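What follows is a single structure, written as C-alpha cells, with notes after it.
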Amino acid sequence: VLPSGRTSYRHLYEYDYEIKDLARRNPGLVKAFTLPNATWEGREVSALEIATDVDNATDGKAVNVLMGVHHAREWPAGEHAIEWAHELVKGYRSGGEIRALVGKTRNIVIPIVNVDGFSISREAEPKGDFTRFDYEMKRKNCNVNDSPEAFRTGVCKANPAGRQRGTDPNRNYAGFWGGAGASTAWSSDTYRGSAPFSEPETRNIRALVSTRQVTNLITLHTYSNLVLRVPGVADVRPPLDEPVYKALGDKMASRNGYTSQPSWALYDTTGSTEDWSYFATGGYGFTFEIGTSEFHPPYETGVIAEYAGIAPAPGAGKGGNRQAFLDMLANAADP
Ligand code: 0X9
Ligand code: ZN
C-alpha cells in the first residue's frame with residue numbers, strides 16, 4: 001500500500017542508498033544532496049529535492065519541506081518522509097493532481113535529521129536486555145562534549161553513559177531557547193545544548209531554511225496523533241496569522257484524524273524546530289506526532305496504516321498522512 005511497497009523499517013544505509021537511487025532513476029526531477037554539516041560522528045545527512053527541472057533552483061518557486069527523526073527512536077518519522085518522496089515521484093510520473101502541485105513547487109525531504117542517534121537506535125542488538133533498551137530508546141544526538149570528562153571519549157554508542165549523552169535537537173533551535181521546557185542538564189532527554197544551534201543537526205536545518213524560500217514545513221515525530229503549531233510555550237502570544245495557521249493545521253488533522261492544537265497545550269517546549277523557523281521566517285511550520293502509543297510500533301500500524309489512512313489509524317477512511325501532506329503541498333503551491 002505504501003508508494004515504495006516497503007513492509008519493514010529501513011536501516012540508515014537503506015535511506016542513503018534509496019535517496020541516491022531515486023535521483024539516479026529520475027534525472028531532472030529528483031536531486032540528492034547532503035546538508036552542509038557532518039554530524040559529531042562524521043556522518044553526512046542525506047536529502048532529496050523534487051521539482052520540475054530540479055537543477056534550475058532559480059525559478060522562484062516556494063519550497064515545501066518534510067523532515068523526520070530529530071529523535072532517534074522515532075523510526076516512523078523517517079518512513080513517512082521517504083514514502084512522501086516516493087509519492088511525489090510516482091504521482092509526478094502518472095500525471096494528475098500531484099504532477100500539477102509538484103510543477104508549482106520545490107519539495108525537499110530529509111528523512112533522518114539525527115543520523116547518529118538513529119543509527120544507534122536502529123542497530124541496537126536484539127537481546128532484550130537493559131543495554132538494548134537503553135540504546136534502542138535513545139532520543140538525542142551524539143554530542144559527547146557537554147558530559148563529564150569520564151564520558152567524553154569513545155564513540156557515542158560504546159561509551160558507558162549510554163543514551164544519556166547528547167543534545168536534544170528539538171530543544172537546540174534559537175526559538176525561545178533558554179525558556180521553559182528544556183533542560184540545562186547534559187544527561188536529560190531534553191538537554192538544550194550549550195547554545196542555540198550548538199549542534200550540526202540544527203545548523204543543517206537552519207542553513208536550509210535561511211537560504212531557501214521555505215513557506216511550508218512539517219517536522220515528523222512520534223507519538224500521540226497530534227498536529228502541532230506554534231507557539232511552544234504558553235507565555236508567548238499566538239502569531240498574528242493564527243486563524244490561517246490554525247485553519248491549515250485543522251485541515252490536515254481532518255485527514256489524519258489527529259488533534260490540531262498549539263504545542264504549548266501539550267507541554268511547554270523551547271528551542272523546537274518550528275518555534276524558530278516560523279518566528280524567524282514567517283513560513284508555516286508544524287510538528288506531526290505520528291502514532292497512538294509507541295515510538296516505533298509494528299510497521300503495519302505505525303507506518304502503513306498511518307500513512308495511507310487505514311484502520312486502526314485515526315485517519316482511516318480520511319486519507320491519512322498522505323492526504324495531510326498533500327494539503328500542505330497544495331498550500332505551498334498557492335502561497
Ligand atoms: O518533546 C518534543 O520534542 C516533542 N514530542 S516527542 O515525544 N516527539 O519528543 C513535542 C514537541 C512539541 N513542541 C513544539 N513542537 N514546539
Ligand atoms: Zn520527537
Side-chain angles (χ1 to χ4, degrees), residues 65-81 110-118 120-122 136-141 163 166-183 185 188-193 196 199 201-202 205 209 216-239 242 245-246 248-249 252-253 258-280 283-297 302 306 321 328:
V65 172
L66 186 67
M67 57 187 157
V69 189
H70 275 66
H71 292 144
R73 64 193 170 195
E74 299 174 7
W75 307 351
E79 298 290 333
H80 281 236
I110 310 159
I112 311 287
V113 171
N114 176 7
V115 287
D116 291 351
F118 175 70
I120 288 176
S121 173
R122 184 66 187 84
E136 188 175 322
M137 294 310 271
K138 184 177 173 68
R139 167 179 167 100
K140 300 186 289 176
N141 75 355
R163 66 170 259 210
T167 298
D168 182 350
N170 207 33
R171 297 293 182 279
N172 187 245
Y173 290 86
F176 309 112
W177 191 93
S183 176
S188 165
D189 254 352
T190 56
Y191 175 52
R192 69 191 190 185
E199 310 305 306
E201 294 85 0
T202 52
I205 304 307
V209 170
N216 296 71
L217 169 161
I218 299 173
T219 177
L220 299 170
H221 288 255
T222 68
Y223 56 90
S224 291
N225 290 138
L226 297 167
V227 172
L228 301 173
R229 63 182 185 277
V230 306
V233 260
D235 65 2
V236 169
R237 258 185 299 139
E242 159 73 4
Y245 204 148
K246 176 181 186 300
L248 180 54
M252 294 191 289
Y258 296 0
T259 301
S260 170
Q261 62 181 45
S263 314
W264 61 262
L266 176 65
Y267 45 73
D268 277 344
T269 57
T270 50
S272 80
T273 307
E274 71 275 17
D275 270 296
W276 171 73
S277 66
Y278 172 77
F279 287 102
Y284 294 124
F286 294 90
T287 293
F288 279 22
E289 293 280 359
I290 302 165
T292 52
S293 58
E294 284 175 273
F295 289 113
H296 47 267
E306 295 253 350
N321 272 330
M328 191 69 159

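Keep in mind that what you see is a predicted model, and the values were worked out from it rather than measured. Order of appearance sets the numbers: ligands from 1, and atoms from 1 within every ligand.
Here the straight-line distance linking atom NZ of Lys138 with atom CZ of Arg163 works out to 8.5 Å at 0.5 Å rounding. Taking CD1 of Ile110 as the start and CE of Met67 as the end, the distance is 6.0 Å to the nearest 0.5 Å.
Listed by chain and residue number, the protein N/O/S atoms under 2.8 Å of the Zn ion (ligand 2) are His71 ND1, Glu74 OE1, Glu74 OE2, His221 ND1, with waters left out.
For ligand 1, the protein residues within 4.0 angstrom (heavy atoms only) are His71, Glu74, Arg139, Asn170, Arg171, His221, Thr222, Leu228, Gly232, Ser263, Tyr267, Thr269, Ser272, Glu274, Asp275, Thr287, Glu289.
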Compile the donor-acceptor pairs under 3.5 Å between side chains in residues 229-237 and protein atoms, sequence neighbours left out, one pair per line.
from   : atom 1 : to     : atom 2 : distance (Å)
Arg229 : NE     : Glu242 : OE1    : 3.3
Arg229 : NE     : Glu242 : OE2    : 3.4
Arg229 : NH2    : Glu242 : OE2    : 2.9

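Looking at Leu228 and Gln261, their side chains come closer than 4.5 Å, going by heavy atoms from C-beta outward.
In summary, of the residues considered (Asn114, Thr167, Asn172), a side-chain hydrogen bond (donor to acceptor under 3.5 Å, both in side chains) with Thr202 occurs for Asn172 alone.
With sequence neighbours left out, the side chain to side chain donor-acceptor pair (under 3.5 Å) criterion links Asn170 to Thr273.
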Practice problem: Show the numbers, then the answer: is there a side-chain hydrogen bond (donor to acceptor under 3.5 Å, both in side chains) between Glu274 and Thr219? | Solution: CA-CA 8 Å; Glu274 71 275 17; Thr219 177; 5.8 Å; no
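Taking the six-membered ring where tryptophan is involved, the planes of Tyr245 and Tyr278 are tilted, since the angle between them lies from 30° to 60°. Aromatic ring pairs are classed by plane angle as parallel below 30°, tilted from 30° to 60° and perpendicular above 60°; the pair His70 and Tyr173 is tilted.
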